[in-house]
Every structure is written in structure tokens, then in C-alpha cells.
Number of protein chains: 4
Amino acid sequence: MTASAAMTLTFVTEARQNELVSIESPRRGRPRSVDADEAILSATLELAGEVGFRGMSMDVVAERAKVSKATIYRRWSSKEALVLAALRSAIGPLDDVDLGSVRSDLEAYLGDLSTRMQSGKMRDVLPHLIDVAAHDAQLRCSLDDYVAHRRRPLIAILERGIERGEVRDDIEIGVVVDAFVGPFIYRKLLAGGDLGPKFAQQMIDLILPNVEA
Amino acid sequence: MTASAAMTLTFVTEARQNELVSIESPRRGRPRSVDADEAILSATLELAGEVGFRGMSMDVVAERAKVSKATIYRRWSSKEALVLAALRSAIGPLDDVDLGSVRSDLEAYLGDLSTRMQSGKMRDVLPHLIDVAAHDAQLRCSLDDYVAHRRRPLIAILERGIERGEVRDDIEIGVVVDAFVGPFIYRKLLAGGDLGPKFAQQMIDLILPNVEA
Amino acid sequence: MTASAAMTLTFVTEARQNELVSIESPRRGRPRSVDADEAILSATLELAGEVGFRGMSMDVVAERAKVSKATIYRRWSSKEALVLAALRSAIGPLDDVDLGSVRSDLEAYLGDLSTRMQSGKMRDVLPHLIDVAAHDAQLRCSLDDYVAHRRRPLIAILERGIERGEVRDDIEIGVVVDAFVGPFIYRKLLAGGDLGPKFAQQMIDLILPNVEA
Amino acid sequence: MTASAAMTLTFVTEARQNELVSIESPRRGRPRSVDADEAILSATLELAGEVGFRGMSMDVVAERAKVSKATIYRRWSSKEALVLAALRSAIGPLDDVDLGSVRSDLEAYLGDLSTRMQSGKMRDVLPHLIDVAAHDAQLRCSLDDYVAHRRRPLIAILERGIERGEVRDDIEIGVVVDAFVGPFIYRKLLAGGDLGPKFAQQMIDLILPNVEA
DNA sequence: GATTAACCGAGACGGTACGTCACGTCTTTAA
DNA sequence: TTAAAGACGTGACGTACCGTCTCGGTTAATC
């Protein structure tokens, strides 16, 4: 449950049956259309970008994807689950590159983070997911999964720093991660300031010295 | 409740006409009922606390406040606007106490912040407001107002620190505010860790040394 | 309760207090504005003509008449009462002219009737009154009054015919009146055919021979 | 009930798609529930009979018919359209029986008409429909339809009379129909007299002699 | 003149129904 | 068995209008 196995697993939580089709049980009846999956996710991303999550209705997604609503609900249990899946599919894999020093790793990671956040692509999706997750245990769980996924590279950076003796070994890694990531989220969702590389640099200058050994 | 009510209402952008009543206003026609304002906001807070934003319907708010729906919509243009107003009225005035040093001021402020956040009173409201604000300019504006209001005491603390020479004068105050507040928001909405005083202390230890002169 | 006394009385049922002011009780306090009465009735007629009774709201009547809603309700107890009053004020007195023969009297009366009906002035008001009267005793009563008022000249024509020996004395006058007037109402409200003088003539040719002595 | 239901529905202009089903229609998707149609119309008739058109709310109709409001509005565009449809379905097919002579046919038809009118079943509905139709083209059209439907048997009676030489061939049939039916409508809606068989007989005596050859 | 009672405008209020919309489910026929 | 189409129950939304009520202010007749 630690490594990439868990990761992979959680990432297919919702897509209930596509994989393994060929391996076991030739599955009588008409097989699910793979095109449909893509069309639905793609339409979801498009629409969420255009009118926001809230303005996006399942009927319109179905229409845009040239798919029936039932087909969507056969794959994802709710609007939120669909959007979460779309969100995941949009991020792609996060690469944990080791550039040799904590500072340069942080610069790379936070730079990447701010870039992603600035692109408005899924800009209004997160708030909605947070909102709904507050009342929906299953979505909460999926969302936690997603968050953990996003935090992992940063955790790795700090762990490597500790191993190399660059970083104090008495810090709580989770807290430091919060300190680095929190301000970005806050600005994005509420405070509304600039999210460019300069901000990333400022955060590093503000926090890093106190975690260095 | 009259004095603070009026004060609070000043922040309620949506309450289109109440403010400044005392200064100059022959104000023709039947005046808006102050009782209604209070009853509505109070019912909103109650319900949002009990069943969350999503589970709260305008009809029930009206019923609980012994008020007609029209009376609510005469004051606030939407459910969101109402809840935002309720949120504001719930905070009440934030007191900017000067305890003599930046560190103690920060401890007080962040301690208070974490306390407020832990109390689930309006726990699920904020995400929804953020969500809707993403596509509703007016609400966005009101929300910004609210955020600015919340940031003000922290800004004051830092400014006093600069005056006193405790804090470096080459920092961007806004950035530091983000660094302090962001992690709380992030934990609350996404990361989901502890928000107790220990976390506040950790953030101070992590950031404060680098802003001190 | 038989003669013109009743008639006069019933016709002022709604206008509760204007008349007789001078005779008794000089009525302390500010007297009702006569202009308001006129403006309201006039606005009512205008609007009923433009958008129909149903599309006409009391707020708009008040606005158009430059009068407050309370001023309207002080005079008439409901929308329907107002419209009925407007309807009456629009008809004016019906003249019962004696042209010497039943046929010529009928031609005059029905010609006038068709003319009035064709003018769309109050074309949509009657149906609504009928509608509401079905559930409102007071309005029903006022409407009956109005109907009786409209029938009277025709009754007089037939009574004169009987006196003169032109008309059989074994007919029920009420039935004959219904036979003459009914088709106009029916066409106007439901069947929707022409209402010109030709139709009037056709009705006379169809019915009169059988009532002649 | 299936056969006559379909037949009745043909007249229901508003029921946008049911008719012609049998001729050609693979009709994809879930078909409209026939039960729902019947339940709605039936509930409408019941309620309109009990509390009148005005007192009848769509929510209650829906509740009584165990159907959602949306399901009603999917079939009829407004309260009025629904009631009109209910009115039609209530009449059922009018039978045009040939009793051999115009007089006996008329006696049968007008007797039936007066019976129907006396039963207060839909007694207050017609005025409202007339009222609304005055400003609603679509409803006007449907109402005209309905009226034409009701007139047809009487027209047939007169045409047979002409063929048989019983009735003059220089009359305008429409005018004669108005002469016969108008008085009933007038009494019902405005004048308010008796509508029993005696009245029917009186109308026949008054008008028929002048249309006989 | 001062009082007083009734009026006036503006507009807020409770109530009730309206018609719309979206979600997620269910029911058909076709592939 | 899945797909497309689309009807369905549920339930909240925001709007409209009615008739009432509450303000501050005005207008005569009475004291």
C-alpha cells in the first residue's frame, strides 16, 4: 500500500471494469466502448473549462461526448466522481526529478506547481470538489488520494534532503510540505495574488533557511 | 445588538440600502425590518451549521426565520450571497490587539484563527462560496472583501513589527501573510491535518526567523 | 328594491364613501382625491386593453395612475372589483329609445351591442370577471347587477311590443332576451365569428317572426 | 380506455408527440407513460371539480396523480393547456345520432348539451380558459379546436336536414348553430337562468320554424 | 392657529403558486 | 450485455403577484 501499486490502484477506483477484460472472462455481451471513456473525459474537461463545474450539466456532457447519460453513470457514480477522474487524467504523471540539492528540487517542483495552477484549465474544479467532498465520504476519500499523490514528490525531495544532511532531521515533513504548498492554494482560491515563479522563489527564501541543517 | 449589527452590515455589500441610514435618509416607504435581517442571518447560520450549505434550502431558511422567501431575496440576490453575509456576521469584528511583540501577536492571531477553523460552525460553507465565486463576479467581489477583512489584523501586526524594527523592511507583507495563513487553509480544505495550537507554533517557528530584522 | 333606487345603490357598492359626502357627515380629515379615482379607472382601462386583465398587475396600474397601491385598495376591495368598476365606467348609460316598432328597436339595440362588442376596448375583461365571479359571491352579485343593467333595454323593447300587440303575450321575455343576446356573447367569447350588423340582422330574421303576435 | 384515450388525445394539440404513434414510429427512448397521462388528466378533472380552476395548483395535481410536476410540464406547457386537455378528455366523443328528423335530433343534442352544462363538473373552467385564450395564441388555437369539435354534431344535424329538404338551403349553418348554442352559453356564464330541457324546448320552438323549408 | 382624522406616496411584508432546472434512475429499442 | 434516447421522481431554485401593513408627510375640517 506504499508504493506505485497503491497509486495505480487508487487511480482506477472509479473505472470499474475496463482493465483486465482481456485477461479473464471474455465478458459476454457488447463490450464497453473505449472511445466513450475518452470522449466523456474530454468533454468534461472542455466544459469545466468553459463554464465551470457548476455551470456544467451532465446532460450537456453527454450531448457533447455524443454519449448517453446512462453510459456516463455506468462508469462513474456521480458528477463529482467524473470530474475528479477528469482532473486526474488532466494532470498526468508527476515526475520526481532529483536535481542534486533541495533548493533546486524545490525550485523545480514549486515552479511546476505554479505553472499548473496558473493555467486556468481546471481552475474552478477544485473548489467544487472540496465543497462536495465535505459531505460525501467517498469523494472525500478519492480527493485525499489525489492530494496525497500531489504531495508525494515534495515529500521525496525533503526525505532526500534529510538523507543528504541538507535538511534538519527533527522537522515534521508534513508540516513543511503544508508550509510550502499552502500559500499557493490560498492564493489560488482566496487571496488571489500572483502565482508566478517569483512567488515560488519568495516562499523558498522564506521557509527553506529554517529547515536547513 | 444594534450597534454591532450595523457595523457588521457595513460589510454586507449585498444589503443594498441599510448602511448609512443614520447619516442622511428621509427614506420613503416602509423601512426594512431589522428583525428580519437578524432572523434570516441567524437562521442561515443555524441551518448551515446543522446540515451544511448544500442541505440548506431557502424555503427552510425562510420558514425558520419566520419570514417570506421574497423578503430574503429582497436583501440578498442569491443563496450564496446570503451565506456569505451570514459568514461575515458570524465573525464579528476582529480585534487587533497589540501584545508588544510580533511573536506574541502572531501567536494570538494564529491561535485564534485555528480555533475558529476547528469549530465546524461554518465548516463547509467556504468551499462552496469559493466554488460559486469562480463564476459569479459579484460574489467574487464580496468574497474578496471578506478575505481582505480577515487579513487586515495580520497585516497590522507585521506593519507594527516593521515600525518597531522587529521585522525586516524589505519583505512584501502580502507574501508573508500568505505564508502564514495559507497552510491553515490548505490543511482545512485539502490536506486535512491537525489545526491545533501546535501547528500554529510550528508555522511561526518555520517562518518568523526569516522575517525578523 | 325593484326600481332605479336599487339600481343606483348597487352601482355604487364599491365606491364606498364618495357620494353623499355633502349630504351627511362632512367627513373630517383629508377627502379622497377625485383625480385619483379617474386616474385609476383610466389606467385600468388602458392596461386591460393593452395586456388583458390577466397580464395587468395592480402594481403597474398604481404606477401608471401615479398612485399608490394602498390608494387603490382603499377604493376597491380587489382587482376584480376594480375592473368591474372600470367596465361600468366604460359603458356609460344605455339609452332605451323607442323607435315605434319592435323590429326597428331591435335593430338599434343589437346594432349598438355588436358595435360595443367589436371595439376591443374591454374585450378581455368580461371572461375574467366571469371566471372570478364563479368563486366570489360578492363579485358574482356585482356582475349580475351589471348583466341585469344591460338586459333592461331589451326587456323594455319586448314589453312595449306586447303592450302594442306586436309581440305574443305568452312568451317568456327572459328566454327571448337570451335568444337574442346569447349568440353575440357566444361568438365573442368562443365561436369567434363576425359580429357586424349583418349578424344582428340574421338573428332578428331568425327569431323575431316567432315572437310576433 | 386505451382506444378512446388515443382518440381523445388526437384532439389534444399540446400532447406533442403521442398521436400517430401507430403509423410510423420506432420511437427511441423510453416512451411516455400512458398511465401518467390518464392519472394527470383524471386528477385535474377531480380537482377542478372540487376547488375550481383557481384553487387548483399544479403541485397538488402532481401529488394527486402521483406524478412529478416535470412530468406534467413535459406534456402540457401550462396550467391552462392542461385544463383544456382535461376538458376535452372529459367530454369524450360526441355521438352524432340520426333520429330521423331535425326536430328530434335537435331535442337530443340540446338536451344532452344542457345536461352536460348543468353538471358542474367543469363548471368554472371554461371562463378561465376563455380569459387566458384572449392573450395566448396557442391556447386560443386549442380552444377553437375544442369549440369546433363541439359544434360538429349540430352542423351535421342541419346538413342532414338540408339534404332531406326539411331545412331551407339558403341559411348560413354557422349562424343557426350560434343561435341554438349561444343562449346556453350565455345563461351558463352570465345570465344565469335555468338550463333544463324546458329551456332547450323553448329555443327549438323559437328558432326552428324559421329554418324549416 | 392648533389639533386631528383621514388621506397620500413609497415600498416592505407574508403567502402562495408558478414554471424551470439538474441530478441520478429507469425503460424502451437497436446493435 | 451494452448503447442511445429520453421519460421519470425528487426537490430546490428564483420570480411574480396579491392584498396588507408601516412609514413619513400632507390636507382639510374642527376646535
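Labels below follow one simple rule: chain letters A, B, ... track the order of the sequence lines, proteins then strands, and each chain is numbered from 1.
The CD-C1' distance, from B:Glu38 to E:dC13, rounds to 17 Å in whole Å. The nearest whole Å value for the distance from the CD1 atom in A:Ile40 to the P atom in F:dT2 is 14 Å. Between C:Arg32 atom CZ and F:dT26 atom C1' the separation is 16 Å, expressed in whole Å. In this structure, B:Glu63 places its CD atom 14 Å from C1' of E:dT16, rounding to the nearest Å. Counting to the nearest Å, the C1' atom of E:dC13 and the CD1 atom of B:Ile72 are 12 Å from each other. Here the C1' atom of nucleotide E:dA12 and the CG atom of B:Asp37 are 12 Å apart, to the nearest Å. Rounded to whole Å, atom P of F:dG14 lies 10 Å from atom CG of B:Leu82. Here F:dC18 presents its P atom at 11 Å from CG of C:Leu47, a figure rounded to the nearest Å.
Residue C:Arg75 places no side-chain N or O under 4.0 Å from the OP1 or OP2 atom of F:dG19. For the OP1/OP2 pair of F:dA4 and a distance below 4.0 Å, the side-chain nitrogens and oxygens of A:Thr71 include at least one atom meeting the criterion. Note on B:Arg30: every side-chain N or O is 4.0 Å or more away from OP1 and OP2 of F:dG25.
By the side chain to side chain donor-acceptor pair (under 3.5 Å) test, B:Ser33 is found to be paired with no residue, residues two or more places apart in sequence or in another chain being considered. B:Arg64 is linked by a side chain to side chain donor-acceptor pair (under 3.5 Å) to B:Glu46, B:Glu50, counting only residues two or more places apart in sequence or in another chain. Under the salt bridge (Lys or Arg N to Asp or Glu O under 4.0 Å) criterion, D:Glu80 pairs with C:Arg54, sequence neighbours left out. With sequence neighbours left out, D:Ser68 forms a side chain to side chain donor-acceptor pair (under 3.5 Å) with D:Thr71. Residues satisfying the salt bridge (Lys or Arg N to Asp or Glu O under 4.0 Å) criterion with C:Lys69, sequence neighbours excluded, are C:Asp59.
Nearer to the 5' terminus of DNA chain E, by closest-nucleotide assignment, is the contact made by C:Ala65 (compared with the other of B:Lys66 and C:Ala65).
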Using a cut-off of under 3.5 Å, enumerate the N/O to N/O pairs linking the protein to nucleotides 22-24 of chain E.
unit_1 : atom_1 : unit_2  : atom_2 : d
E:dC23 : OP1    : A:Lys79 : NZ     : 3.0
E:dC23 : OP2    : A:Met58 : N      : 2.7
E:dG24 : OP2    : A:Tyr73 : OH     : 2.6
E:dG24 : OP2    : A:Lys79 : N      : 3.3
E:dG24 : O5'    : A:Tyr73 : OH     : 3.4
E:dG24 : N7     : A:Lys69 : NZ     : 3.1
E:dG24 : O6     : A:Lys69 : NZ     : 2.8

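Considering all non-hydrogen atoms of both residues, B:Trp76 and B:Ala81 come closest at CD1-O, 4.0 Å.
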Checklist line | Candidate pair C:Arg75 and C:Leu82, rule side chain to side chain contact (heavy atoms under 4.5 Å, CB included), full reasoning | finding: CA-CA 8 Å; C:Arg75 289 162 163 76; C:Leu82 166 62; over 6 Å; no

